[in-house]
Amino acid sequence: MVQKNLIDGEWIAGGEAFRNINPSDTNDVVGEYARASADDARLAIAAAKAAFPAWSRSGILERHAILRKTADEILARKDELGRLLSREEGKTLAEGIGETVRAGQIFDFFAGECLRLAGEVLPSARPNIGVEITREPVGVVGIITPWNFPIAIPAWKIAPALCYGNTVVFKPAELVPGSSWAIVDILHRAGLPKGVLNLVMGKGSVVGQAMLDSPDIHAITFTGSTGTGKRVALASVEHNRKYQLEMGGKNPFVVLDDADLSVAVEAAVNSAFFSTGQRCTASSRFIVTEGIHDRFVAAMGERMKGLVIDDALKAGTQIGPVVDQSQLNQDTDYIAIGRQEGAKLAFGGELLKRDTPGFYLQPALFTEATNAMRISREEIFGPVASVIRVKDYDEALSVANDTPFGLSSGIATTSLKHATHFKRNAEAGMVMVNLPTAGVDFHVPFGGRKGSSHGSREQGRYAAEFYTTVKTAYTSA
Ligand code: ADP
């Protein structure tokens, strides 16, 4: 059965279907999905526009009930949805279920936020006048998501968009439509009025581009590559539209001489290799002071030897496959580039064969890398990391910040002085002390600075900045 797009409350078949392939076993077709056209996208935008006046004035209890019901169903079906996610994306079952739970928690959080949308009442600077500051929805929100978090990223964009009274046109990544289809189906059955949430699965260059080109989309939230992010920005400036971008990272993880070695190694392995390194918060630069350098490299090698890389759905797998052939090519190209640049491939980097045909890559660790190398400057988006040796904390901080990106920054240290200084001086939106650079809570702000992000933060109460617009009303008594 071909899963369809949802436009104006109807499930619509596309002209053609595309196949969702399991990266752990390329013979396994997860499902077939209707490919939307540019015209479908325009119909979806028109439906969202028509649905906006009523939805923007809908009662908070209606919104609360729909979001709450959605959270409950996602959580009740976490094993099945987590399995679908791991099957289409390739992260391990534990990671897939964990991500699904997070999506449920996000809907639950925003179900609560509907009930406490507060404003402010202030006296005017002039006598006998009152001032009220309120938040109103922005209008039609376009949501464009990447393949690496197939349920959490759609959830953290769709939930606040609906919570604050916006209508939505949602285009998931073409590689992983299954999880997106599932949450749209749940929201639809939870009772969303027609046109409030529209799903258009399809190509970025067709469906995504039609969204960028539409004057009827009032805000676009995007997570994906830097190149596409730039297109979103340029098109949005043209339409004087609000936009929010989450893009790449080249996140540093500093290890100081005084670090607890096992804490540092666990955090480093998790940061760089879990979820197959396919997280924008993954760390790919280990910046290590010379007193601990050799012990850290040796312990990393030992730890990496024990990693189980296999089918994402198999019990005991710690690292699943790379998402597809083109990402695998990018990873192996960068491994070749690192060698040409003079870094030493200390561990891994080999293609692996398993019982089923899939995109299996042994995580790779370079040593003797410098921060000027391409492997230290460009986002690889795979299980490839390098160790950069530095003299002391000051050099470590300066190398950590010497990057065009600024999403997440980590440090392993037992020194309160260095931890405090690092939290204050790391040029990143998120800082982690004795923790992996990836792995964040659902109820607090997420986002970066410099080349990683643009616009206000996602998640938690800070999401209101993007999904609402502020009104200041004056009343003469
Ligand atoms: P990734 O490397 O994560 O695939 P992309 O930026 O290519 O990064 O994709 C992120 C999302 O942006 C996907 O949903 C993709 O289809 C979409 N996209 C790609 N090209 C365009 C475009 N020209 N206009 C709008 N969306 C696009």
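First listed ligand is number 1; within each ligand, the first listed atom is number 1.
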Please determine whether the number of non-hydrogen atoms from other residues, nucleotides or ligands lying under 6.0 Å from atom CZ of Arg189 exceeds 12. yes
With Lys314 via salt bridge (charged side-chain N to carboxylate O under 4.0 Å, His left out) - residues at least two apart: Asp310, Asp355
Within the 4.0 Å heavy-atom cut-off around ligand 1, the contacting residues, ordered by chain and number, are Ile144, Thr145, Pro146, Trp147, Lys171, Pro172, Ala173, Gly204, Gly208, Gln209, Leu212, Phe222, Thr223, Gly224, Ser225, Thr228, Arg231
Which of Glu341, Arg339, Lys250, Gln340 passes side-chain contact (heavy atoms from CB on, under 4.5 Å) with Ile375? It is Glu341
Does anything in residues 151-180 pair up under ring pair (Phe, Tyr, Trp, His ring centres under 6.0 Å), and if so which pairs, sequence neighbours excluded? Trp156-Phe446
Which side-chain N or O atoms in residues 7-19 pair as donor and acceptor under 3.5 Å with protein atoms at least two apart or in another chain?
residue, atom, partner, partner atom, Å
Glu16, OE1, Arg35, NH1, 3.3

Donor + acceptor pair across side chains of Thr100, Lys78 (<3.5 Å): no
